[in-house]
Each structure stands twice: as C-alpha cells, then as structure tokens.
Amino acid sequence: MRKRTRLLCASALLLLFSAFFLPGTVRHSAEPSPLPADEYRLVSPLTYRYLLNQAGACRDRSPFLVLLVPVAPHQAEARQAVRSTWGAPSRDTLTLFFSGVAQGALLSPLQRLLEKESQQHADIIQLDFLDSYQNLTIKTVMMMQWLAAHCPNASYAMKVDSDIFVNVFHLVQRLRSSPRAGFITGSLIRDGRPRRDPSSKWFLSEALYHEDSFPPYVSGAGYVFSTDLAARISRASRFVRVIPLEDVYVGLCLRVLGVRPAYSLSLPLFRNLFEVRRLEYDRCTFARLIIVNGFKPSELLAVWRDFSTGRADC
Ligand SMILES: *[C@@H]1O[C@H](CO)[C@@H](O)[C@H](O)[C@H]1NC(C)=O
Ligand SMILES: *[C@@H]1O[C@H](CO)[C@@H](O)[C@H](O)[C@H]1NC(C)=O
C-alpha cells in the first residue's frame, strides 16, 4: 500500500517535472543571416590561439558533468577555493578554468605564475584575447568551442562563475533524470530588456542591439546544459552579432537554434534552484538549492567545510 502511494506520488511528480524540464521551441520572426566576416571574426575559433590548453582532459574519460569556470589570470585564490570545494576532482565531474590574457602581461610574472599553476593542476585553458568584462562573450563562445572539440562525450556542462556556491551533489542527482539533448537550465529571465542608459554596467546601444527586449535566457552566474548544445551554440554564433552581455548572447544563439531554456524549480513551492542573490548560509536550505551567488574564496571554503560533511543530515 505504502509502496503504491509512493509510486503514485512519484509519477505525479514526474509529470509536473517534465512540464518544467522539457525544452520547447521558440519562434523567431526572420531567418537569421550570417554575420559579415569582420564581425564573426570576434568569436571565430580561428581568431585566437591557445596559450595553455588541456586537450587531453577527456581523452580517457567521458565526465558526466564538466564545470567551466571563467576566471581572470590573477584570480589564483578563487581557483584554489573552487578546487578545494565544489570543483574538486570526482568520478562524475571535471573542472576547468578559462582565462584570457591580462593587459600587457604576456611576459610578466603573473603569466609565469599562471603557467606554473597550470602545470601543477592541469586545469587551466588560456586563449590570447584580452581578459576583460567586455570580452566575456568571447570567453563564453571559446568555452563552447573547446567543449565541442575536446570533450563532446561529456553528458552535461555547467558554465559557472568562481564566486558561486555550487551544490554539485544535488545538481548531479537532478541531471540524471534530465533530457540528454537540447537542454539548458538556470535562473531563467523571460522579460529582459536592454539598458539604454550609457552609465549602466549593462548598457547596450541601439546600434549594437535594436530590439527592445531579449529572448528568454539564463543568468550567466551559473547555467547547465546538455553537451550537444556546445557545438550548436558555436555554430549559431555565426549568425549572432557579439554583444558584451554573455548570458543574453547565449540566449540569442538559443533563439537561432529554436531551443528554449528550462526552469529549474523545486516542488511544492516552485522555488528557483539557481539562486542568483546572496543568501545567508544555512546548511539545509543550501542542500535543496543548486547555486547560491556571491561568495568570496574564504567564505566558500568556510561554508564548504560544514556543507560537505553536514548536508547528509538534512
Ligand atoms: C577583446 O579582446 C580583443 C582581442 O584581444 C581586444 O583586441 C579587444 O580590445 C578586447 N576588447 C575589450 C573591450 O576588452
Ligand atoms: C565519443 O564517443 C564516440 C562514440 O562512442 C567515439 O567514437 C569517440 O571516439 C568519442 N570521442 C571522444 C573525444 O572521446
């Protein structure tokens, strides 16, 4: 009897979940046309050179989940915190850091330190574009191209910033029952609009983007996708003019592909599992979420010490 009730509950949940998890399609009005060569050049794989690469990272294994973490060259402390917490090597996951070059720094001590760190940990990929906030879109497309070229047999990937708390345990568990293709989820933004105020950090001129709204997209703090999308997004980037908002840019590529990002909600309260605000640490609240935003390296280490051992009691 109890078993049957449980079965019924499980099927009802499954139905509800699929309603939120199943990717749909989005309409777009006009057939996209390829970018002029000089515009596509910005994100073309032929434009940049690898200074550091981990070409063999997936040669002998197909990770279930690849964690792709954009970092600036100087963020050694943030990388170390990620390696010691949610990014620690595991059977299911592989963590890789993506960096550009610091201004005028190719021959500097900073670059030599990065090379040394890369030799030690074999987890840093560096391309020769200038590492800047404005260039995050380039970095994101390079991550997609790297994944498609070097780790196409991974099941899922996550683009996640280094100041995020990631509950990899809950994430991996949920992904086991998620779609294996055409799937992307995160903190879904459906009503985004360009900021036309030039003093805004997110300013976007009408010349660069003329529509007055964005297609649905997932916040760049952390989003998860089936690995097939890496190659598809790289191909779509031939049709999408580069804007300096990397998460909106991915949303524009998804529109070209007709892929709709999915919500990730917990039941029964429909709570967003990708928390883009900073929350005060609470072990059992965090145990039910996938990401929480806004952690300094030292805070990440402190929280993880409690979380990794204590979460089982929640
Ligand atoms: C982006 O990177 C390119 C290639 O290194 C560089 O020429 C350009 O100045 C960078 N743009 C910004 C805004 O940082
Ligand atoms: C991915 O899997 C396919 C089929 O199983 C195999 O032929 C291919 O060599 C694998 N590629 C990599 C990069 O592991």
Side-chain angles (χ1 to χ4, degrees), residues 35-68 70-75 89 91-108 110-111 114 122-157 159 161 180-182 194-195 198-205 207-209 220 225-235 237 240-250:
L35 293 172
D38 60 319
E39 284 188 26
Y40 176 57
R41 196 179 170 280
L42 265 181
V43 288
S44 159
L46 302 177
T47 307
Y48 307 104
R49 216 162 41 92
Y50 284 103
L51 300 173
L52 299 169
N53 198 358
Q54 309 299 334
C58 294
R59 199 168 284 144
D60 302 319
R61 62 179 292 212
S62 297
F64 181 67
L65 173 66
V66 185
L67 298 155
L68 308 164
V71 285
H74 70 270
Q75 290 182 297
R91 189 172 51 90
D92 291 323
T93 63
L94 168 69
T95 303
L96 295 166
F97 299 98
F98 281 77
S99 175
V101 293
Q103 186 99 49
L106 259 185
L107 300 168
S108 74
L110 176 61
Q111 181 63 24
L114 192 72
D123 60 3
I124 299 174
I125 293 162
Q126 185 186 31
L127 287 119
D128 67 349
F129 59 83
L130 179 65
D131 199 294
S132 66
Y133 180 77
Q134 296 278 314
N135 271 349
L136 277 178
T137 302
I138 298 179
K139 195 181 278 185
T140 297
V141 179
M142 294 307 124
M143 293 196 288
M144 299 295 175
Q145 288 168 357
W146 187 93
L147 196 62
H150 298 291
C151 209
N153 290 348
S155 304
Y156 296 95
K159 182 263 153 177
D161 290 340
R180 286 299 175 105
R195 308 279 174 96
S199 66
S200 165
K201 183 181 177 189
W202 297 285
F203 170 66
L204 202 53
S205 71
L208 204 53
Y209 185 86
F225 51 98
S226 54
T227 306
D228 64 305
L229 282 185
R232 294 174 66 193
I233 289 170
S234 322
R235 282 198 295 274
S237 69
V240 182
R241 196 165 181 201
V242 172
I243 56 169
L245 306 173
E246 58 96 8
D247 46 11
V248 176
Y249 184 83
V250 171

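Each ligand, and each atom within it, is numbered from 1 in the order the structure gives.
For atom 7 (O) of ligand 1, no protein heavy-atom neighbour is found at a distance under 4.0 Å. Atom 11 (N) of ligand 2 lies below 4.0 Å from at least one non-hydrogen atom of the protein.
Looking from atom 14 (O) of ligand 1 to the surrounding protein, the closest heavy atom is Ser132 OG, 2.6 Å. Regarding atom 13 (C) of ligand 1, its nearest protein heavy-atom neighbour is Gln134 CB, 3.3 Å. Among all protein heavy atoms, the one lying closest to atom 3 (C) of ligand 1 is Asn135 ND2, 3.6 Å. The protein non-hydrogen atom at the shortest distance from atom 9 (O) of ligand 1 is Leu130 CD2, 4.3 Å. Given atom 2 (O) of ligand 2, the protein heavy atom at minimum distance is Asn153 ND2, 2.3 Å.
Atoms CG and CG, on Asp228 and Leu147 in that order, are 10.0 Å from each other to the nearest 0.5 Å. Note that OG1 of Thr93 and CG of Leu67 are 5.5 Å apart. Values are rounded to the nearest 0.5 Å.
Under the 4.5 Å side-chain criterion, counting only non-hydrogen atoms from C-beta, Pro45 is not in contact with Val141. Between Tyr249 and Leu136, every side-chain heavy-atom pair lies at or beyond the 4.5 Å cut-off. At least one side-chain heavy atom of Asn53 sits under 4.5 Å from a side-chain heavy atom of Ile125.
Not a single N or O atom of Phe129, backbone or side chain, sits closer than 3.5 Å to an N or O atom of ligand 1. Distances between N or O atoms of Arg59 and those of ligand 2 include no value under 3.5 Å.
The only option from Asp161, Asp131, Asp128 that meets the salt bridge (charged side-chain N to carboxylate O under 4.0 Å, His left out) definition with Lys139 turns out to be Asp131.
Although no hydrogens or angles enter the test, the distance criterion places a donor-acceptor pair under 3.5 Å between the side chain of Tyr48 and the main chain of Leu42.
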